Structures are given as C-alpha cells and as structure tokens.
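A quick note: this is a predicted structure, and the numbers were derived from the prediction, not measured.
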Amino acid sequence: ENRSPRTPSKPNELAVIAAILSSFATITAQATVTPTGFTTPDSSDAFWSSGGDAGTQVQVGNNSGDGSLLIEGGSTLTSARGFIANLTGITASVTITGSGSAWNFATGEFLNIGQEGNGTLLIASGGGLSTEGTSNIGHSTDSIGRVTITGVSSYWNAGSIFLGNSGDGAVVVSNGATITSGGISLGRSSGGTGSLVVTGSGSSVTTDTISNIGFAGSGSLTVANGGSYSTTANKNIIVNRNGTAESGMVNVHVTNNGMVNATGQFQNNDTVNLFASPTLTAGTYTPITASSFTGTEGVYNTWGGEWNGSNEYVANTVSASTGTVSGDLSSQRLSYDSANFIAAFRSDVGTGDFSATSLNISDIAAETVLSAYTVSSTLTESADYIYLSLLVGASVDEYSIYFREDDQQSWSIAAAENVNYDGEYLSFTISQAGDYAATGTIIPEPSTYALILSLGVFGALIRRKRATAR
C-alpha cells in the first residue's frame, strides 16, 4: 500500500519547556489564569480571576482575532462549553500546566479544539482537563486541532472524543500522561483525519465504548515505547468501521505485551503494522490482546518478525553484521557498528543483498547530524520495505530525517513513515536505498537547567555584591 510522504513528526517543544519549568516550581509557582489576545469573556473580565462559573461559555480566539489562555500554578477554571480557534483564519492555544491546574467543564459540556480555525491544547506537568460532553479536535472542514498531554499525572477525563470530525485532529499522549474517555472515534466523518499517538511508559488511553480507528474518514492509532490503548466493558476496537471508512490503521512499535487491548473483539478491516523496536529481545509477544480477532480483508504487516496463527508477534534475533548480507531477508533484523544502526525487514521483501555504511557528516542545512548511513540494497524496493533505527542518544528534540540518492550532493527531507523516537533510537520506514541522516538538538535534562539557573543566580548575586562594595 503506497502512502503519501509526510514530514516526520517532532516532539512538542511546549511539552519540553513545561517539563523544564516544573523543576523550578518553588521559584515560579503562582496560581494564575491568564487570557491573552481575543477571548470570550474579554481578558479583563472578572470571570478569569474568580475561577469562572458553570454557566459561561468560553472562546479562546474569537471573531475579533487570535487568543491564548494559560492555567498554571494549581489554579482551576470552571466553564460551560469551550472553543479554541472558533472561526476560520483564527489561531488560538490553551496551556494547562502544573500539579492541580485544571479546566473543569459543567455537566454535559465539551471543548472543541480547532472549531473552524487552528487550535492547540497543551496539558503538562500534572495539569488536567475534565469534559463530559463530546469534544471535537479538528471539528470543521479545513480546521486543525492539536493536543499534547505529557507528564506523569497529566490527564484528560472526557466523555466522547472525535479526532478529525470533518477537519484534521491529532493527539499525542506521552511520558506517563493519561486519557480516560467514554468513547473515541478517529476520522469521524468523510474527509476528516484523526491521529492518536500513545507513547512512553505509563502513558495510556482507556475508553469504555467501542473504538473506531477510521469511522467514515481516515484514522490512525500509534502505540509505542510502553504506552497502551485499551477498551473496558467487553468493547471492541474496530480498524476501519465495516470496511467502509476512507482508511484505518494501527501502528504498534513493539516493546512489550498488552499495548493494544480490546476487552471485546479486535476487528481489523484494514491495516495493522507491527515493528520490532530496536531494543526488543527476540521472542513471542502479544502486543495486541482481545477476546477474539475478527475482520474482513484486514492485513497484518510485520517488520523484524512475524504475526503467527495464534495472533502473536514473533520477533527475530538481531544479527550483528558487517559488509554485505545476502539471502532471503524477509522478517530479518540486522545490526551494524555495534548496534548503532539496525534494520528490520518487512516479511515479504524476499531475496537480495543489503549493506549499511556509516557517513562522516557534521551538519545538514545548519542542523547537527546525530547519525548518518548509506543504505545499499538489491531488494525490490516498495513502500516502507525496511524499518531503520539510528542510535541518536537521549533527550533529542526537533529531529529531522534527511535523504539523498546515491552520488547526489543535495539533501532533502526524507519521505519517511512510521517515525518513532524511543529515547535512544530514531526509527522510521524507508522505500528506497540511498543516504539517510538524522539531525536534531540535544536538550539538557531539567536538572541541568536547574544547575545553570542556580549558577546564573549565584553569579548575579556576586556581581551585585561587588557593585555594592564599590
């Protein structure tokens, strides 16, 4: 199946900033609800400073222009229904950060992120959101909604959530954050696109009704790095509802058992992709669990392993390699340069030659190169036929994947799919041989920022003391 190239997704910088700021809580903690720009009620209204009320509707970014809202320091806001980017052409954002910080909606009310415009929501560092009604992310045609929920104790307790009702809706749940929902539908209406990523140990999404990955539009669910997606109460997970949606896809970057869990049926009417994560030990896994597996014309694609007749994923051993490897490479896993480079092959690639050679490149387009290799292959090239993993190290932000064909000087952003960063390796699928390079920025840990800040404050105090003594 050929899929359109897209730029690799990148970590949300706001989430990184929120994590850093949380380490300075004793210095910066201040309970505030701060509207900026154009909001309803107006930013000067006492509604915001009084904690809100259950009868007032909120718009962040209204018919007058763009707007933003910050809820921090343990403060809470209560309201009736809410809209982020209510009209076409409007850009608006909401950030809820810090333990105890929360936006709570009245009974039966909802929050639409990207009602008609471009709306974003960040929940970080223990912040929370509670909605009982049906919330839409990317509600209307041409609207864009983006949600990032990151950090242990960060949460969204929701009624139903529609991602890509008629627009483009995407949610990332990471680093131990959670969503608990009465129902989730990805690609709700024809033309709508919904994407959900659950990544990182302890990150989870749980719903107590049927989950549709592609209801009428296009839906994709990605679970990676110890995250989980589950239904309760004997409810099904359906990939492409009745086989009539535009598309439905589940991507599992296998790290452990029980990553996608249907207490009812797991019904695959479209596509499930299972990738051997670079550090996955060879063996038999149950990354998808269900009371039964059903579906019509659904396929299970695998890289670095096989989906057996018992609905299990069998990961193959990583073979240390040098030079050219020849033979049937279907479902094999090869490593080069002490596992700095790992290739996992799709189950149907067949017979051919393969090799990987390190490239000595320092930067591309002023971006620091973290790893670069030349991939040579006589295998028949096809969409996503090899899953590459490049060792880039910890705390990488703003990463990109570049590609150039053999003997070419210029690089371009790679048409890489299924991109995943696990804290060590940057992994992605490729559709042709050539040169591949991963670029990015190493972000210091929050403790390092704390040290830098303390040294800066200490230095400032010394300078002040010296100035006073003069």
Side-chain angles (χ1 to χ4, degrees), residues 12-15 17-18 32-43 45 47-48 52 54 56-72 75-97 101-106 108-124 127-150 154-173 177 179 181 184 188 192-196:
N12 191 311
E13 296 142 305
L14 293 176
I17 294 170
T32 58
V33 176
T34 308
T36 304
F38 295 97
T39 62
T40 304
D42 184 85
S43 59
D45 196 285
F47 169 85
W48 304 106
T56 300
Q57 174 180 300
V58 168
Q59 295 181 27
V60 180
N62 57 26
N63 57 0
S64 296
D66 301 343
S68 65
L69 174 64
L70 172 63
I71 303 172
E72 63 178 338
S75 54
T76 61
L77 180 68
T78 299
S79 76
R81 65 192 55 182
F83 302 90
I84 304 175
N86 196 35
L87 297 175
T88 301
I90 296 299
T91 298
S93 64
V94 171
T95 299
I96 307 169
T97 183
S101 301
W103 190 355
N104 302 313
F105 285 75
E109 295 290 12
F110 59 85
L111 174 64
N112 283 355
I113 301 105
Q115 170 71 11
E116 294 184 5
N118 187 340
T120 61
L121 168 65
L122 169 66
I123 304 172
L129 174 68
S130 296
T131 56
E132 284 194 2
T134 298
S135 295
N136 289 275
I137 304 167
H139 179 266
S140 304
T141 302
D142 297 328
S143 66
I144 298 174
R146 296 288 182 266
V147 176
T148 299
I149 309 173
T150 185
S154 300
Y155 67 90
W156 184 359
N157 295 331
S160 294
I161 303 175
F162 293 167
L163 285 78
N165 184 49
S166 294
D168 180 358
V171 174
V172 176
V173 181
I179 290 179
S181 173
I184 292 178
R188 179 68 180 181
T193 301
S195 169
L196 173 60

Item checked: Verdict with supporting geometry, D168 and R146, side chain to side chain contact (heavy atoms under 4.5 Å, CB included) -> CA-CA 8 Å; D168 180 358; R146 296 288 182 266; 3.0 Å; yes

Next item on the list: Drop me the distance from T34's OG1 to W48's CH2, to the nearest 0.5 angstrom.
Entry: 10.0 Å

Next item on the list: Quick one: closest heavy-atom pair of N112 and T134, and the distance?
Entry: OD1-O, 4.2 Å

Donor-acceptor pairs under 3.5 Å, side chain of residues 76-92 to any protein atom, not counting sequence neighbours: which ones?
unit_1, atom_1, unit_2, atom_2, d
S79, OG, W103, NE1, 3.0
R81, NE, E109, OE1, 3.1
N86, ND2, Q59, OE1, 3.3

Margin query: One pair to check against side chain to side chain donor-acceptor pair (under 3.5 Å): W156 and S181. What are the steps and the verdict?
Written below: CA-CA 8 Å; W156 184 359; S181 173; over 6 Å; no

Check: Which value, rounded to the nearest 0.5 Å, describes the distance between I184 atom CD1 and L196 atom CG?
Finding: 6.0 Å

Check: Atom CD in E72, atom OG1 in T97: separation rounded to 0.5 Å?
Finding: 7.5 Å

Notebook entry, point to check: Is D142 atom CG crowded by more than 12 heavy atoms from other residues, nucleotides or ligands, each under 6.0 Å away?
Noted result: no

Notebook entry, point to check: Is the closest side-chain heavy-atom distance between F110 and S160 below 4.5 Å?
Noted result: no

Next item on the list: State the CD-CD1 distance between Q115 and I113, to the nearest 0.5 angstrom.
Entry: 10.5 Å

Next item on the list: Report yes or no: does S135 contribute a side-chain atom to a donor-acceptor pair with the main-chain N or O of L111 at less than 3.5 Å?
Entry: yes

Checklist line | Rounded distance [0.5 Å steps], CG in N104 versus CD in E132 | finding: 10.5 Å

Notebook entry, point to check: To the nearest 0.5 Å, what is the distance between OH (Y155) and CD1 (I179)?
Noted result: 13.0 Å

Checklist line | L163 and V171, any side-chain heavy atoms less than 4.5 Å apart | finding: yes

Next item on the list: State, to 0.1 Å, how close N165 and F162 come at their nearest heavy-atom pair, and which atoms those are.
Entry: OD1-CD1, 3.9 Å

Next item on the list: Could you check L70, L122, I149, I71 and say which one makes a side chain to side chain contact (heavy atoms under 4.5 Å, CB included) with I96?
Entry: I71

Margin query: Under the criterion side chain to side chain contact (heavy atoms under 4.5 Å, CB included), I'd like the reasoning laid out for L129 against L121: C-alpha separation, chi angles, the key distance, then a yes or no.
Written below: CA-CA 10 Å; L129 174 68; L121 168 65; 3.8 Å; yes

Notebook entry, point to check: Hey, does the side chain of S75 reach the backbone of T32 with a donor-acceptor pair shorter than 3.5 angstrom?
Noted result: yes

Next item on the list: Indicate whether any N or O donor in one side chain lies under 3.5 Å from an N or O acceptor in the other, for S143 and E116.
Entry: no

Margin query: The criterion is side-chain contact (heavy atoms from CB on, under 4.5 Å); which residues satisfy it with S93, sequence neighbours excluded?
Written below: S68, T120

